[in-house]
Q: 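Supplied in structure tokens, the structure appears directly below.
Chain identifiers are assigned alphabetically (A, B, ...) following the order of the sequence lines, protein sequences preceding nucleic acid strands; residue numbering begins at 1 within each chain.
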Amino acid sequence: MIFENMGFYFREALLSFKRSTLMSMATILSITTILIIVGVFLLISTNSSLFLKNIESQLEIIVYLEDNISQAEINNLKSNIASIDGIKEVKFVSKEEAYQRLLKDLGEQKDILSAIEKNPLPSSLEIQVKDPKVIEQIANRITEFKKVEEVEYGREIAEKLLNFTYVFRRAGMLVLALLVFASILIISNIIKITVYARRNEIEIMSLSGATSWFIKWPFIIEGFLQGFISSLFSIIILYNFYIFAVDKVHQAIPFLPLVVDNMDLLPIGIAIVLLGSLVGILGSMFSVGKYINV
Amino acid sequence: MIRMFHVYKNYPNKIQALRDINIHIKKGEFVFLVGPTGAGKSTFLKLIYRGIVPTKGQVIVDGINIARLKSGYIPYLRRNIGIVFQDFKLLYNRTVYENVSFGLKAIGATNFEIRQQVNKVLNLVGLEHKRKIKPHLLSGGEQQKLCIARAIANEPLILLTDEPTGNLDPYTSWEIMKLLFHINIRGTTIIMASHDKLMIDKAKKRVVRLERGRIIEDTQRGTY
Ligand SMILES: Nc1ncnc2c1ncn2[C@@H]1O[C@H](COP(=O)(O)OP(=O)(O)O)[C@@H](O)[C@H]1O
Ligand SMILES: [Mg+2]
């Protein structure tokens with residue numbers, strides 16, 4: 001029954017587009033605007049999240065080694081640490097390397113070092129962890145290994161940063177939830193207006209003995225098309241705007257990490273299409289329901 | 001065809017629109033429903049097509065108890081009932097032809113059936129030459145004829161008309177009446193709510209009189 005009549009439903013939906021072009025255009029324009037607002041927020045929050053991850057990943061553990069450590073002991077220690085759960089990378093920095101880094105950091109002031117005969121810097125292991133939340137736990141374990149002079153991981157900074165990112169992510173989630181809720185309300189109200197404009201047709205169909213699904217389908221298709229087309233428009237606009245904005249930002253701050261990979265932007269596009277189409281479908285379904293059965 | 005047993009209808013605002021209605025309307029009858037404005041005529045008609053449900057009592061239409069009818073079956077009840085409203089309820093952005101075909105499409109008739117039935121009923125009411133124009137270009141009488149055409153396109157068992165001649169001149173009213181008699185003779189049961197004294201007296205049909213929600217008179221071959 002449903003699929004036999006699909007042709008009719010589609011024709012009715014398209015006919016209604018044609019009959020009330022202005023209304024449909026106004027509807028699409030309004031939904032597009034709402035979806036763009038949601039999209040801008042999603043872009044901002046994806047980028048902030050990338051930014052935070054970036055900062056978090058710069059948190060590392062530095063293990064200073066005793067001067068009398070042998071190469072075999074270094075290798076042994078390295079593999080012992082690497083086998084701890086949650087370690088991403090372990091890198092050895094020799095005394096010489098540490099000295100060269102210092103020279104480089106000092107730049108013009110490197111003469112200071114000429115007063116010192118012997119290289120005073122210890123060799124070290126630089127450790128990156130997968131999840132910054134466990135950094136303290138891992139650091140504590142490493143302290144117990146032999147030939148380890150000192151373990152450093154910027155405890156206070158790490159704690160503050162983790163607290164901040166936690167609050168920031170929660171707040172972002174809350175705002176997103178509110179924004180999506182508001183946009184669902186607004187879009188379904190816009191759809192309601194288009195259905196209201198055709199309540200006479202709904203009433204007549206209902207009184208003629210049309211089943212409620214027969215009445216609903218053209219509206220569901222129309223609501224879907226309105227939502228879907230709006231989401232495509234908003235994606236096109238957002239994408240172009242975003243490419244432009246990224247370019248401008250990179251001109252000003254070249255190394256700021258921004259989401260530029262299309263694959264990373266895809267979820268935002270999908271979210272917008274889903275939001276537009278689903279609310280279009282459900283909004284029209286419920287609004288039509290109100291005028292059926294008089 | 002239609003039976004009511006001790007039917008009451010109260011609206012949410014506590015108005016008792018119908019009180020203790022008992023009636024039996026047989027297949028093929030023509031019944032005038034008369035009474036002053038607010039007597040409950042429209043409410044009576046709404047109960048039959050299940051636009052509303054009774055507050056108390058039973059309404060049986062073609063063997064179906066409408067209060068117990070599951071909402072999924074309401075459409076099938078309504079396919080047996082044609083309705084002509086006081087306020088026309090035409091679709092003014094569709095042509096005369098489309099106004100009739102719309103209801104047939106809505107119940108899933110084939111294109112062939114639709115074409116055949118629409119032509120048939122437009123011929124019957126004398127609007128076949130105006131099929132391509134929009135209803136706002138029709139006179140009041142023609143719009144009412146279009147409503148009748150739409151209501152009978154599906155060949156329903158029952159035709160309900162709510163003051164169909166309320167806004168028409170006597171000549172046009174009588175034309176509409178003749179049309180309804182013609183439809184009645186073909187076997188359709190007709191209930192017509194009306195104020196039209198001249199016509200009711202002339203028609204000599206069954207008259208059911210409502211006053212403040214009660215039936216106060218029910219006469220075969222009655223007068224207003
Ligand atoms: N939907 C409604 N809600 C509340 N009261 C109504 C409604 N429809 C009708 N009424 C009231 O019920 C009474 C009967 O109305 P109605 O059946 O329309 O009478 P008639 O058609 O004979 O003029 C009137 O007092 C009217 O105001
Ligand atoms: Mg009335």
Q: What do you reckon, is CG of A:D261 surrounded by more than 12 foreign heavy atoms closer than 6.0 Å?
A: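 Yes, CG of A:D261 has more than 12 neighbouring heavy atoms, counting only those of other groups under 6.0 Å.
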Q: Give, for atom CZ of B:R94 and atom CG of A:L15, the distance between the pair rounded to the nearest 0.5 Å.
A: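 CG of A:L15 is found 6.5 Å from CZ of B:R94.
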Q: Check A:A210 against B:A106 and note the closest heavy-atom contact, atom names and distance.
A: CB-O, 3.2 Å
Q: At a heavy-atom separation under 4.5 Å, does B:F85 approach chain A through its side chain, its backbone, both, or neither?
A: side chain
Q: Could you tell me whether A:L266 atom CG has more than 12 heavy atoms of other residues or ligands within 6.0 Å of it?
A: yes
Q: Looking at CD1 of B:I74 and OG of A:S212, how far apart are the two atoms once the value is rounded to the nearest 0.5 Å?
A: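 That separation rounds to 9.5 Å.
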Q: Nearest heavy-atom pair of B:F102 and A:E201: which atoms, and what distance?
A: CE2-O, 3.7 Å
Q: Is it the case that atom CZ in A:F168 sees more than 12 heavy atoms from other parts of the structure closer than 6.0 Å?
A: no
Q: For a side chain to side chain contact (heavy atoms under 4.5 Å, CB included) check, start with the C-alpha distance between B:L91 and A:R198, then their side-chain angles and the critical distance, and finish with the verdict.
A: CA-CA 10 Å; B:L91 300 174; A:R198 291 170 63 199; over 6 Å; no
Q: Checking side-chain polar atoms at under 3.5 Å, does A:S208 have a donor or acceptor matched by the opposite partner on B:R150?
A: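 No, no side-chain donor-acceptor contact under 3.5 Å.
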Q: Take atom OH of B:Y92 as the centre, draw a 6.0 Å sphere, and report whether it contains more than 12 heavy atoms from other residues, nucleotides or ligands.
A: yes
Q: Nearest 0.5 Å, please: how far is CZ in B:F88 from CG in A:N200?
A: 14.0 Å
Q: Verify the neighbour count for atom CZ of A:F233: are there more than 12 heavy atoms of other residues, nucleotides or ligands below 6.0 Å?
A: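 Incorrect, the count does not exceed 12.
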Q: In Å and rounded to the nearest 0.5 Å, what is the OG1 to CD1 distance from A:T211 to B:I107?
A: 11.0 Å
Q: Just checking B:F181: does its CZ atom have more than 12 heavy atoms from other residues, nucleotides or ligands closer to it than 6.0 angstrom?
A: yes
Q: Can you tell which part of B:K46 gets under 4.5 Å to a heavy atom of chain A, answering side chain, backbone, both or neither?
A: neither
Q: How about A:K88: does its NZ atom have over 12 heavy atoms from other parts shown lying under 6.0 Å from it?
A: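 Enclosed.
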Q: Return yes when atom CG of B:N10 has more than 12 non-hydrogen atoms of other residues, nucleotides or ligands closer than 6.0 Å, and no otherwise.
A: yes
Q: For the CZ atom of A:R11 and the NZ atom of B:K105, what is their distance to the nearest 0.5 Å?
A: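 Answer for the CZ-NZ pair, A:R11 versus B:K105, is 7.0 Å.
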